[in-house]
Amino acid sequence: MNIEKAMMTIGLATATMMPFCACQQTQRENPLTAESEMPFGAPDFSKIQTADYMPAFEEAIRQTREEIRQIAENPEPATFENTILAYEESGKLLDRVSRVFFALTEADKTPEIGEIEKKVMPMLTDLNNEMMFNKQLFERIRQVYDQQHDALQGEDQKLLEEIYKEFVRKGALLPEDKMARMKEINLRIADLQQQWGDQLQEATNDAVVWVDSEEQLAGLTEADIAQCRKDAENLGGKAPFAIVIVNTTQQPLLASLDNRDLRRQVYEASIHRSDGTNKHNTFPLVCEIAKLRAEQAKLMGYPCYAAYSLEKTMAKTPENVYAFLKSLISQYTPKAEAETKAIEDFARQTEGPAFELQPYDRFYYSAKMKKQLLDVSDDEVKPYFNVDSVLLNGVFYAANRVYGLTFKERTDIPLYHPDMRAFEVIDKDGSTKALFYCDYYRRPTKRGGAWMDGFQKQSRQRHQLPIIFNVCNSAKAPEGQPSLLTWDEVTTMFHEFGHALHGILSDCQYNLLSGTSVARDFVEMPSQFNESFASIPEIFDHYALHYETGEPMPADLKERMLKSINFQTAYALGENLAATCADMAWHMLSLDNIPAVDQAADFEAEALRQVGLLNTQIPPRYHTSYFNHVWGGGYAAGYYSYLWTEVLAVNIADVFAQRGALNPATGQDMRNMILSRGNTGDLMQMFTDFTGMEQPDASSLLRARGLM
């Protein structure tokens, strides 16, 4: 079993989940430790109380310890069944409790949930250390690996390999002194990442920009202004209006705000949210985590954490990652320079020849330039992107056309928040395939970004159907008004549902191998590929319906809108490349070269300068001080995977285009060869089996982005 906290999870908070008093607690069965009576075994959020979590964790950890003890102390010779399969089947209760709880810490982290998390994380890290460094247990695993590996086949062999290699990678072969130090590091990193999550969420919430008058919001739509009013009310009403900060460096409203000084304030609030220029400073956490990761790598015999981490990926080595990045940077740079010059020249037509474009101006003048050249703007197209239509008539419709899935809303499934929805996923043969939840609206207790995870993974061994969820951070319109999306938010919904499909369509024997349990530089491929359906004409026409009239987007507007997708795309590539190179730079450092806290920002700048990406006009998508993927999640030395897998995704989309973008036979091949297989085989071979390509074609990425 794997008890480490997952990267992608969601959260909790409904009126039914208020703290429960101890006297009542003794009179009821804990709904987290009891088998769920809900359909699919779904969590029963109508019964779960905040006070249930700690006793549930305590019992689940106790059970897991006993299960591991029985495996390790089994007097019978080690076999696949009594050791590997027993290990795979251990910790079921802990897996169930953890998946529910950590979903809640991400999407609706109340103060009570946060306090429980602080207590639980050291408990889980201790248990993980006990398991990974249990000599009796590992000796039995090694015996099976040495004696039975070649006799096993298929998923049995893959399961054995993954379990054995995970123990080795975590330090099971280390001598006693190094093993003891690795345990200490694991505990400390878990504590630091807990602190990171708390600090970053608080810093982002505090970075709100208060606005005194509606006149200052000139340029925004009535819906956006209403949202700013609602956000101000939700955040305490320090002023009539509030502009909240999203997780990325650039902020969507900067494309519309006429007030240049307010644009500057919003941008600076974003980039300085946690860099020590105010009361929030995450750099001490960054530097310590980086140092501990470098020490982990050194203990395991690697020169740096990137070398250690990348060994288990498709890329394999830092050298391969940098070769990939440098090939993109060399082709991207002239495009970026030309794009910046074009925007500044356009701005000077109205602002005068002395005007100097600033990063907080870029989105504003780019939007005006797009409007002039292509006669299209976000405000013009948003009325056609109602969140409900995008979901039902776009995301679900594409899954039906390509994979034969249908979706039935289940109003009888208790939810952790009123904004959620639940759907039964029905396969083409009429059988139930999965349960899918979506939670699309932002709130102060939800971390930024968008993600997918599950309350339960698919496993034939465990007779489990997948229970999958998507979480986003779109603005929920005030009561009585439609929640309308930008094109970026539309593609985000398709993206996250691509991850969901990877979980929903999984057909694997073992929990450990199923669904999205693949390398970081493969896991983003299904999601990035699924984005391609958003702009396919038949799909687009089916969901791009005016929220008032229900009429499809007019043909001329649709043509202009789809043409605008690749308008000035150098920025999007550049911000991703910069964030990727910052991530790699931190994790290429040896233990002795980690910068001091007060040098952390300068280190990032110098790292970007060295690769030709230090560009004030195109800053990293995430600066180091708020790069949650890397410091709070599982993407350390792995953020490159978004670009790497985009190449895979474009290559796969090309196959779909050649065979008919909505051809069910192609969709079935995608299911059979990739989406259903989890981590049961070689990932590059899966790619080759579907595309017929021995190696991905990286040039396709630039072509797809309109840069070639």
Side-chain angles (χ1 to χ4, degrees), residues 245-257 260 263-264 266-273 275 322 324-348 351 355-370 373 378 449 486-488 491 564-586 601-627 629-630 639-640 642-644 646 701-702 704-708:
I245 299 301
V246 302
N247 61 320
T248 54
T249 294
Q250 284 287 8
Q251 302 296 304
L253 290 184
L254 294 182
S256 304
L257 277 173
R260 192 185 193 201
R263 292 201 304 268
R264 177 189 59 77
V266 171
Y267 180 79
E268 291 181 352
S270 174
I271 63 172
H272 295 307
R273 72 187 76 176
D275 64 358
Y322 272 111
F324 169 68
L325 295 175
K326 287 176 181 177
S327 69
L328 293 178
I329 292 170
S330 64
Q331 297 177 75
Y332 145 85
T333 300
K335 301 287 186 181
E337 291 172 351
E339 185 176 290
T340 297
K341 184 177 187 303
I343 297 172
E344 188 168 61
D345 288 346
F346 174 82
R348 286 175 174 174
E351 305 299 336
F355 180 81
E356 294 186 4
L357 191 73
Q358 297 299 323
Y360 46 83
D361 297 318
R362 189 184 188 94
F363 276 21
Y364 181 75
Y365 288 103
S366 177
K368 287 187 172 298
M369 189 176 178
K370 182 169 71 172
L373 296 177
D378 284 346
T486 65
W487 175 249
D488 183 62
T491 57
S564 75
I565 291 174
N566 280 333
F567 179 73
Q568 296 185 339
T569 53
Y571 183 94
L573 178 58
E575 66 170 356
N576 198 320
L577 283 168
T580 295
C581 289
D583 168 33
M584 288 297 295
W586 277 101
D602 291 339
F603 171 79
E604 179 195 276
E606 177 60 20
L608 295 179
R609 186 193 65 77
Q610 289 181 8
V611 293
L613 292 173
L614 183 60
N615 184 342
T616 57
Q617 286 297 323
I618 307 180
R621 183 169 177 82
Y622 308 97
H623 279 293
T624 295
S625 64
Y626 49 93
F627 204 163
H629 288 74
V630 169
Y639 195 70
Y640 78 93
Y642 283 96
L643 293 171
W644 182 281
E646 187 177 347
L701 184 151
L702 295 168
R705 287 180 176 245
L707 294 173
M708 287 187 67

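Side chains included, hydrogens not; waters and symmetry mates left out as well; all remaining heavy atoms used.
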Visitor: Given 3.5 Å as the limit, does a donor-acceptor pair link the side chain of S270 with the main chain of Q250, or not?
Guide: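 Not confirmed, S270 side chain does not pair with Q250 backbone.
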Visitor: Do we see a donor-acceptor contact under 3.5 Å between the side chains of S366 and Y571?
Guide: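 No - no donor-acceptor pair under 3.5 Å links their side chains.
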Visitor: Can you tell me how far CG of D275 sits from OH of Y626, rounded to the nearest 0.5 angstrom?
Guide: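 The CG atom of D275 is 8.5 Å from OH of Y626, to the nearest 0.5 Å.
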Visitor: How long is the gap from CD on E351 to CD on E356, to the nearest 0.5 Å?
Guide: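 Reported to 0.5 Å precision, the distance equals 13.0 Å.
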Visitor: Hey, does the side chain of Q617 reach the backbone of L357 with a donor-acceptor pair shorter than 3.5 angstrom?
Guide: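 Flag set: sc Q617 to bb L357 pair under 3.5 Å.
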Visitor: Indicate whether the side chain of R362 and that of T340 have a donor and an acceptor atom separated by less than 3.5 Å.
Guide: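 Yes, side-chain donor-acceptor contact under 3.5 Å.
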Visitor: Hey, are the side chains of D361 and R263 touching, using non-hydrogen atoms and a 4.5 Å cut-off?
Guide: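 Yes. Closest side-chain heavy atoms under 4.5 Å.
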Visitor: For the side chain to side chain contact (heavy atoms under 4.5 Å, CB included) test, which of I618, L643, V611 pairs with L577?
Guide: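 Passing option: L643.
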Visitor: Do the ring planes of F346 and Y365 sit parallel (below 30°), tilted (30 to 60°) or perpendicular (above 60°)?
Guide: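 Correct class here is perpendicular.
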Visitor: Just do the salt bridge (Lys or Arg N to Asp or Glu O under 4.0 Å) check on E337 and K341 with the steps written out, would you?
Guide: CA-CA 6 Å; E337 291 172 351; K341 184 177 187 303; over 6 Å; no
Visitor: Under 3.5 Å, side chain of T248 to main-chain N/O of R621, donor-acceptor pair present?
Guide: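 Not at all, since once roles are kept as given, no pair shorter than 3.5 Å links the two residues.
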Visitor: Name the orientation class of the two ring planes belonging to F627 and H629 (parallel below 30°, tilted from 30 to 60°, perpendicular beyond 60°).
Guide: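 The rings of F627 and H629 stand perpendicular, inter-plane angle above 60°.
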Visitor: Quick one: pull up CG in L707 and CD in E339 and give me the separation to the nearest 0.5 Å.
Guide: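 Answer rounded to 0.5 Å: 8.0 Å.
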